[in-house]
Amino acid sequence: MTSSTTTNANAAAGKSPIPTLLTVYRIVMGPVVAGMILWAATLVHADPQIAGLIYAIIFIVFLTAAATDWLDGYLARKWNAVTPLGAALDHAADKVLVTCALVALAYAALPMMLVAATILILGRDVGVAGLREGISAQGKSLPVGQLGKWKAAAEMAGVGAFLAFQASVQLSAPISVVLGLDWAARLLIWSAAVLALVSGAQYVGALMKRT
């Protein structure tokens, strides 16, 4: 392939809507996942097998949507298609997907201790979003820290583990599998809650240094 052909290919890729479409897919899947969780919850006692199958489908859908968090960024960088709008949508898409899943699970399936962790996570997210809005009004920015990225990863892994746990319970999986997924979900969601508080404190500290 000649250099001119390569340049033209890169230019065409840079115009590709695929990274943005993947981000939008993640946003759309947030309400879809929440609706399916609520649907499965209504069948837990009436038809556990069907509820288990629905939870298994939700797990696959959520896992696929979560994977686009890496894929859209990778393609945008590879094709030199990174834009301010794409970056903003990418950040919002993560929040929509995880928030919809956690709210639906808190209503339908999470034990009270994990509901408490969810409240900490979502409360932190609302607080940091307010900080970002306030500082952006001053023409400044609040970049995402490394702890914030770890927290997002722990959230997605924790939600995925709990969905797999729900599916395993309803489908009568071996007790070792059920217990393993239960502990994994609890550990990951509480890890996300702790990281949420620590990273939130870091954002407040960074904001105070800028003012």
Phe59 and Phe62: aromatic ring centres closer than 6.0 Å?
no
Heavy-atom closest pair, residues Ala117 and Ile189
CB-CG2, 3.9 Å
Do Ile119 and Val159 share a hydrophobic cluster (ILVMFWY, side-chain heavy atoms under 4.5 Å, transitive)?
yes
Closest contact, heavy atoms only, Ile37 versus Ala101
CD1-O, 3.9 Å
Measure the shortest side-chain to side-chain distance between Arg26 and Leu89 over non-hydrogen atoms and say whether it is less than 4.5 angstrom.
no
Taking all non-hydrogen atoms of both residues, which atom of Arg124 and which atom of Gly148 are closest, and how far apart?
NH2-CA, 4.3 Å
Run Tyr55 and Val169 through side-chain contact (heavy atoms from CB on, under 4.5 Å) and show every step you take.
CA-CA 10 Å; Tyr55 270 116; Val169 169; over 6 Å; no
For the atom pair CD1 (Ile27) and NZ (Lys95), what is the distance rounded to the nearest 0.5 Å?
13.0 Å
Flag yes if Val28 and Leu21 sit in one hydrophobic cluster, no otherwise; membership is Ile, Leu, Val, Met, Phe, Trp, Tyr, and two members link when side-chain heavy atoms are under 4.5 Å apart.
no
Note: Ala76 and Pro19 closest approach over all heavy atoms is N-CG, 3.9 Å
Would you call the rings of Tyr74 and Trp70 parallel, tilted or perpendicular, taking 30° and 60° as the class edges?
parallel
If you compare all heavy atoms of Leu38 against all heavy atoms of Ala108, which two are closest, and at what distance to 0.1 Å?
CD2-CB, 4.2 Å
Return yes when atom CH2 of Trp190 has more than 12 non-hydrogen atoms of other residues, nucleotides or ligands closer than 6.0 Å, and no otherwise.
yes
Are any non-hydrogen side-chain atoms of Asp125 and Lys151 less than 4.5 angstrom apart?
yes
Nearest 0.5 Å please: distance from the OG1 atom of Thr99 over to the CG atom of Asp94.
10.0 Å
Give me the atom names and distance for the closest heavy-atom approach of Ser199 to Ala196.
OG-O, 3.2 Å
Pair Gln49, Leu53 - check side-chain contact (heavy atoms from CB on, under 4.5 Å), show working.
CA-CA 6 Å; Gln49 290 291 318; Leu53 289 174; 5.7 Å; no
With heavy-atom distances below 4.5 Å as the criterion, would you say the side chains of Tyr25 and Thr64 are in contact?
yes
When rounded to the nearest 0.5 angstrom, what is the spacing between CD in Glu155 and CG in Leu122?
7.5 Å
Applying the side chain to side chain contact (heavy atoms under 4.5 Å, CB included) criterion to Phe162, which one of Leu102, Leu188, Leu181, Leu114 satisfies it?
Leu114
